[in-house]
Amino acid sequence: MSNNNLFKTKIGLIAATVGSAVGLGSVWRFPSEVQANGGAAFLIVYIACVFLLGIPVMLAEFSLGRAGRSDAVGSFRNLAPGKKWWLGGALAILTSYLILCYYMVVAGWTFEYMWESITGNLYTGIDAVSDKSALFGSKMQQYINHDTNPLIHTFIIIGINIAILLFGVQKGIERLSNIMMPILFVILLGFCIVSLTLPKAGEGLEFFLKPDFSAITPSVIIRALGQAFFSLSLGMGVLITYGSYFPRDTRLIKTSVSVSTSVIFVAVMMGVIIFPAVTSFGLQNATLNGPTLVFATLPQVFAQLPAAQLWSTLFFLLLTLAAVTSTISIAEVSIAFMQEYFKMSRKAACLVVLLPLLAFSSVCSLSLGSLSDFTVFGFTIFDFLDYTTANILLPICSILLCVYVGWFAPKKFLKDELTNNGQFKSHTFRLIIFIIRYIAPVLITGIIVYSLL
Ligand code: PHE
């Protein structure tokens with residue numbers, strides 16, 4: 001692999017990996033999971049899951065990618081030639097592609113909301129109605145369940161992805177992450193400050209940060225584990241692919257700790273932003289599930305602040321940035337595969353991967369509009385993809401990865417990767433391998449079984 005296919009700087013490498021991890025999972029899914037699963041209790045279990053399981057599995061992916069020096073399939077083939085382990089990589093690529101189909105659509109909504117905030121349309125008519133939540137609910141219907149609007153914005157997001165990814169790893173992904181991630185952190189910080197100065201901030205913070213240990217139930221643990229895996233971008237070949245772009249002297253353990261703490265930091269900041277806002281504006285009883293929280297509840301909060309349009313634009317810009325740095329990483333999994341396996345040029349690989357999404361993502365989007373009567377096992381196509389990928393395919397890929405790395409990979413491989421061939425000592429090595437061998441596969445199997453019950 002040529003040097004152009006490695007990340008150039010340490011900062012860039014971390015920015016790109018954090019960029020992949022910090023996405024709609026942390027800014028959109030996390031607060032609603034906290035709300036639904038006992039507040040601070042969920043937060044604690046989530047943090048424990050990230051450190052205990054997330055970091056070891058992340059290290060398994062990084063090691064596999066850096067030692068295999070190829071895409072998700074190629075890395076398995078290089079390390080286990082003639083064996084069938086590459087099928088695990090193939091499943092990861094398939095899963096990542098399925099996720100991409102609907103993630104592009106949600107990214108399209110964020111873009112649409114940003115645009116509607118800039119133009120002010122999102123807030124037109126607000127003074128005339130008393131039931132603000134009905135107003136924003138119906139606006140959300142109009143933006144999301146409409147046929148053409150979401151399609152246009154999904155296409156714009158696909159176009160943005162093509163434009164970035166054509167530039168490759170260093171000039172596309174790394175350069176963009178270097179610019180976008182600091183902007184994202186600054187916007188988040190700005191919102192934290194505003195939220196903490198709201199009148200009833202304390203009440204919201206209490207819910208988010210003061211744990212009630214009796215609220216920790218098996219279901220909370222399983223959902224926190226699912227959230228940890230999703231928010232760290234595990235089980236989809238993304239970190240194998242990015243690992244293959246890590247230079248030999250990258251310290252994997254340090255990197256995984258930096259990435260994970262950044263993800264937790266963003267999630268905590270999101271909580272600090274949302275819960276004080278929700279209590280201060282008396283919206284606790286609004287239905288705070290996934291889409292509504294961000295797309296219908298928050299605009300009500302913004303509407304009550306001075307300069308509503310400005311806050312709203314900044315917030316949806318933040319969401320769009322977070323979403324795009326994640327979509328490019330998911331798309332990179334398939335692009336790297338096409339380049340390595342079929343020896344395609346970068347350009348051909350980008351187009352072959354992304355152009356079909358114009359059709360696939362459209363079907364996903366329409367499945368919330370005029371195709372909503374068409375269902376698979378009772379789910380719309382959109383929900384079916386979301387459910388099967390997050391609850392079934394991602395965990396299966398992670399189990400295959402842990403079983404391979406823990407039990408079947410060349411003996412010294414993980415130790416060599418974690419210590420950069422013995423250049424420095426790693427005291428945590430034994431613990432990490434123990435988790436990868438025993439704890440991770442058992443607990444992840446738990447998630448699958450529980451989610452199917
Ligand atoms: N981690 C991303 C998020 O939180 C989602 C993602 C999953 C991205 C897997 C890449 C791979 O939104």
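These numbers were taken from a predicted model, which means no experiment stands behind them. Numbering of ligands and ligand atoms starts at 1, following listing order.
The six-membered or imidazole ring of Y46 lies near that of F30, with a centre-to-centre distance under 6.0 Å. Ring centers of W109 and Y143: at least 6.0 Å apart, outside the cut-off. Aromatic ring centres of F246 and Y242: separated by at least 6.0 Å. Aromatic ring centroids of W311 and F302 lie 6.0 Å or more apart. Note: Y404 and F408 fail the aromatic proximity criterion, with ring centroids not under 6.0 Å apart.
Here is the list of ligand 1 atoms found below 4.0 Å of a heavy atom in S329: 10 (C). Within ligand 1, counting atoms from 1 as listed, the ones closer than 4.0 Å to a heavy atom of V238 are 10 (C), 11 (C). Remark: ligand 1 atoms within the under-4.0 Å shell around heavy atoms of M236 are 7 (C), 9 (C), 11 (C). Of all the atoms in ligand 1, the ones that sit under 4.0 Å from a non-hydrogen atom of S231 are 1 (N), 4 (O). If you number the atoms of ligand 1 from 1 as listed, the ones under 4.0 Å from a heavy atom of G25 come out as 3 (C), 4 (O), 12 (O). Below 4.0 Å from some heavy atom of S26 lie the following atoms of ligand 1, by number and element: 4 (O). For ligand 1, the atoms closer than 4.0 angstrom to any heavy atom of S20 are 1 (N), 2 (C), 8 (C), 10 (C).
For ligand 1, the polar-atom distance check against Y103 finds a nitrogen or oxygen pair separated by under 3.5 Å. In terms of polar-atom proximity, defined here as any N/O pair under 3.5 Å, L232 makes no such contact with ligand 1. Between S326 and ligand 1, not a single N/O pair is under 3.5 Å apart. No N or O atom of V22 sits closer than 3.5 Å to an N or O atom of ligand 1. The shortest N or O to N or O distance between A21 and ligand 1 is under 3.5 Å.
The shortest side-chain heavy-atom distance between F76 and L87 does not fall under the 4.5 Å cut-off.
Using a cut-off of 4.0 Å between Lys/Arg side-chain N and Asp/Glu carboxylate O, E61 and R66 are scored as not salt-bridged. The residues E332 and R346 are annotated as salt-bridged, a charged nitrogen and a carboxylate oxygen being separated by less than 4.0 angstrom.
Both cation-pi conditions hold for R29 and F230: the charged atom is under 6.0 angstrom from the six-membered ring centre and inside a 45 degree cone around its axis.
Regarding atom 8 (C) of ligand 1, its nearest protein heavy-atom neighbour is S233 OG, 3.4 Å.
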